There are 2 protein chains.
Amino acid sequence: MSKSDARPLTLRDVSEASGVSEMTVSRVLRNRGDVSATTREKVLKAAKELGYVPNKIAGALASQRVNLVAVIIPSLSNMVFPEVMTGISQILEDTELQPVVGVTDYQPEKEERVLFEMLSWRPSGVIIAGLEHSDASRAMLKASGIPVIEIMDVDGTPIDTCVGISHRRAGREMAQAIIKGRYERIGFMGTKMPLDHRARKRFEGFTEALGKAGIEIAEREFYSGGSALAKGREMTAAMLKRDPELDFLYYSNDMIGAGGLLYCMENGYNIPEQIGLAGFNGVELLQGLPRQLATMDSCRQEIGRKAAEIIAQRVEEPNIELDKRVELMPKISFGDTLKRR
Amino acid sequence: MSKSDARPLTLRDVSEASGVSEMTVSRVLRNRGDVSATTREKVLKAAKELGYVPNKIAGALASQRVNLVAVIIPSLSNMVFPEVMTGISQILEDTELQPVVGVTDYQPEKEERVLFEMLSWRPSGVIIAGLEHSDASRAMLKASGIPVIEIMDVDGTPIDTCVGISHRRAGREMAQAIIKGRYERIGFMGTKMPLDHRARKRFEGFTEALGKAGIEIAEREFYSGGSALAKGREMTAAMLKRDPELDFLYYSNDMIGAGGLLYCMENGYNIPEQIGLAGFNGVELLQGLPRQLATMDSCRQEIGRKAAEIIAQRVEEPNIELDKRVELMPKISFGDTLKRR
DNA sequence: GTGAAAGCGCTAACAT
DNA sequence: ATGTTAGCGCTTTCAC
C-alpha cells in the first residue's frame with residue numbers, strides 16, 4: 001500500500017518476495033520449461049500479491065519477439081474498417097497476437113508516418129489497407145522482413161500478399177446487373193476522394209462495362225464531408241432536377257445511396273420500375289430502411305479474418321508458402337431497388 | 001537490395017555506414033543535443049540510404065519512457081467510440097504521444113486482460129471508458145503510477161480523473177423535456193445490456209424524473225444484436241400494438257430511435273403531436289432522415305479531446321494539479337419529434 | 001528442476 | 001561537438 005515508491009515492480013521484486021531466482025520466476029510467469037508445483041505456487045502467489053505486471057518492453061528486447069500485429073487503415077468512422085477490425089480480432093483472439101491500429105485519414109504522408117512509427121515497435125506482421133503506397137512506405141514494408149498483408153483490394157501488385165475483392169470487377173458486375181435490368185440513363189454519385197483508389201476502381205470497372213454495352217454515364221456528382229445520408233439526399237435531388245429522365249442511380253457507398261432512396265421514396269418515384277438505385281458495401285446498419293437498397297457486399301469481416309489467419313500462420317511457420325493473392329467474391333444483393341431478370 | 005540478411009538494421013549499422021559514433025547517430029535521429037550540420041547530414045544520409053527504422057523497444061527500455069497512450073473502449077462498431085478516438089487523435093497529433101486502442105466488448109474480464117496487456121507495455125497514460133471496473137482492474141490502474149482518465153461518465157468515483165457527462169442527468173433532462181411537452185404515456189426501448197452502465201444510469205435518471213411528476217413508464221422493451229435500425233422498427237411496432245395509447249417513445253440510442261421514427265412515419269402517426277420520440281447520442285449520421293429525431297448530444301469528440309489534453313499536460317508536468325472530475329453538459333436537440341414549449 | 005552469465009539495441013550520464 | 005561506459009528488465013543459453 002505504500003504509495004511512496006512509484007517505480008514499477010520488476011522480476012527481481014517477485015524473486016525476492018518469493019525466494020525464487022529471477023530466472024525461475026520468469027519461467028513460471030511464461031509457463032515455460034519445467035517448474036515444480038511448489039515453486040510455481042510460491043511465485044504466482046508473490047506476483048499476485050505484489051500486483052506485478054511484466055515489462056513487455058524488456059521481454060521483447062530480450063526475446064526479439066513482439067506479439068503485435070500492426071493494422072493500418074484509412075479511417076475508423078467509415079463503418080467498413082471497424083468491421084475489418086472485428087474480423088481480425090476474432091482470429092487473433094485465439095493466438096498470442098494482438099492487433100494495434102493506426103489511422104491514416106487517406107493521406108499517404110500520414111500513412112508513411114504511422115507505418116514508420118509502428119514498424120519501429122517491431123511487430124510480427126502488418127495488415128494495411130490498399131495496394132497503393134508511397135515509395136518510401138513500400139520500401140519500409142519490404143525491408144521489414146515481416147509478413148505484410150494488403151487488404152480490401154486485389155487489383156494491383158501486392159508487396160507480399162493481398163486479400164480482398166476486385167473493385168473493378170465489383171463495378172463491372174453492378175453495371176452488368178443494371179444493363180440486364182434494362183436501365184439506360186444512368187447517374188453516378190460518389191465521394192470526392194482522389195485518394196480513395198478502391199472507389200476509383202469501382203467507378204472505372206463500372207463505366208468500362210457500361211461502355212461495352214454502348215452506354216455512357218449521363219450524370220455524375222461528387223461530394224465531400226458532411227453527413228452521408230444528407231449528402232445523398234441533396235445530390236440526388238440536384239441530379240434528378242438536372243436530368244429528370246435518369247432511370248438509374250449508382251452510389252459509391254450505401255449511406256449516400258440510402259439518402260437517395262429516401263429522397264426518391266418521398267417524392268413519389270416508382271422504385272425500381274421508374275428508377276433503380278444501388279450502393280456499395282452491404283452495410284448491415286441499413287437493414288430496417290423502408291426499402292432495401294441494392295448493394296454489393298464488400299466482404300469486410302471475411303477479409304479481416306483471412307488476413308489475420310495468414311499472419312498467424314506465417315508467424316507460426318515463417319517459411320510456409322501461401323497464396324500471394326486471395327480474391328474474395330462479393331455477391332450482389334438486389335434488395336428492392338434493382339429490377340432482376 | 002541484398003535480401004540475404006533478414007536482421008533489422010541497428011544504430012551500429014548506421015554508425016558504421018556514416019563513420020559517426022552510435023551515440024551521435026542516436027542524437028541526430030532524435031534531434032537531441034548539439035550536432036554539427038555536417039555530421040547531421042552524413043548521418044541522415046546514411047540512415048535514409050540504409051532504410052534504418054529505429055528500434056523503439058530498445059529505446060523505451062533505455063530511456064524508461066514510452067510515448068504511448070492506452071485507450072480502452074468497449075466497442076468500435078458503436079459509432080460513438082470512433083468519434084471519441086477522433087477527438088483523442090486530434091489532440092495527440094500535436095504531441096509525441098500516440099494512442100493505442102484496446103477493445104473490451106463490454107466484458108469486465110476482457111477489460112482486465114486488455115488492460116494487463118497494455119499496461120505491460122508501460123504506456124504514459126490510460127484513457128478508459130466508464131467508471132465501473134473489476135477490483136483487479138482498479139488495482140492495476142492505481143498501481144500503474146500513470147495518469148488514468150476515465151471517460152464518458154461522471155456519475156461515480158474516478159480512480160484518478162474522469163471526463164464525461166452525467167448520464168443520470170441526461171436521462172432526467174430528457175424526462176423533464178417530455179413532461180414539459182405534456183406527454184404522459186411513455187414507452188422505453190433499449191439494449192439488453194446489463195453491463196452498459198451508462199445506458200442504465202440514463203434509464204434511472206429518466207424514470208426518477210418521471211416519477212417525481214407522478215408518471216410511470218407504461219411499456220419497456222430491450223433488444224440485443226442485429227441491425228439497430230431494424231430492431232427499433234420491430235420493437236416500436238410491437239410496443240405500439242401492445243399499447244396503442246402511448247404518446248412518447250424514448251430510445252436508449254439514436255439508431256433504434258431512427259428505426260422507430262421510420263415506422264411511425266410510414267404508419268401515419270402524427271409526429272410530434274400524437275406521438276413524440278427521442279433518442280440519445282446525437283449521431284451526425286442520421287441527418288438526412290425525413291425528420292430529425294429529438295436527441296441529446298453525448299459530447300463524444302469533446303470528451304476525447306479533453307481526456308487527451310489532460311494526459312498530455314500530466315505527461316509534460318507530472319505534478320500539476322488538475323480537476324479530478326470534468327463534467328461536460330450535453331444539450332437537448334428537439335428535432336421534429338418532440339414538442340417544445 | 002533451478003541458477004548464473006551474457007546480451008538484446010538503445011540512451012543517460014559522464015567524460016573529453 | 002563528440003565519444004565512452006554502464007545499464008534499462010528481461011530471456012537465451014548453458015551449467016549444474
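Predicted model, so just to flag it, every value in this text is computed and none were measured. A, B, ... follow the sequence lines: proteins, then strands. Residue 1 opens every chain.
OP1 or OP2 of D:dT2 sits under 4.0 Å from a side-chain N or O of B:Thr39. The phosphate of D:dT2 has OP1 or OP2 within less than 4.0 Å of a side-chain N or O from B:Ser36. Side-chain N/O atoms of A:Thr24 include one lying less than 4.0 angstrom from OP1 or OP2 on C:dG3.
When the C1' atoms of four end pairs are superposed on the next four at each end of the helix from C:dG1-D:dC16 to C:dT16-D:dA1, using five pairs per end, the two resulting axes differ in direction by 30°, to 10°.
Counting heavy atoms of neighbouring residues, nucleotides and ligands inside a 6.0 Å radius, atom NZ of B:Lys324 exceeds 12 of them. When the shell of 6.0 Å around CZ of B:Arg12 is examined, it contains 12 or fewer heavy atoms from other residues, nucleotides or ligands.
You'll find the side chain of A:Leu97 reaches within 4.5 Å of the side chain of A:Ile311, heavy atoms only.
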CA sep, side-chain torsions, deciding dist, call: A:Glu132, A:Arg138, salt bridge (Lys or Arg N to Asp or Glu O under 4.0 Å)
CA-CA 9 Å; A:Glu132 284 77 17; A:Arg138 299 179 63 89; over 6 Å; no
Working note: A:Arg7 + A:Asp13, criterion salt bridge (Lys or Arg N to Asp or Glu O under 4.0 Å); need CA distance, chi angles, decisive distance, verdict.
CA-CA 11 Å; A:Arg7 171 186 65 82; A:Asp13 294 309; 3.0 Å; yes
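Shown here are the salt bridge (charged side-chain N to carboxylate O under 4.0 Å, His left out) partners of B:Arg325, two or more places apart in sequence or in another chain: B:Glu327.
B:Glu93 and A:Lys110 are joined by a salt bridge, as a carboxylate oxygen and a charged side-chain nitrogen come within less than 4.0 angstrom of each other. Checked for salt-bridge contact, B:Glu109 and B:Arg113 miss the test: no charged N lies under 4.0 Å from a carboxylate O.
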Reading nucleotides 6-16 of chain D from the 5' end, what letters show protein touch, with B for base, S for backbone sugar-phosphate only, - for no heavy atom under 4.0 Å?
-BBBBBB----
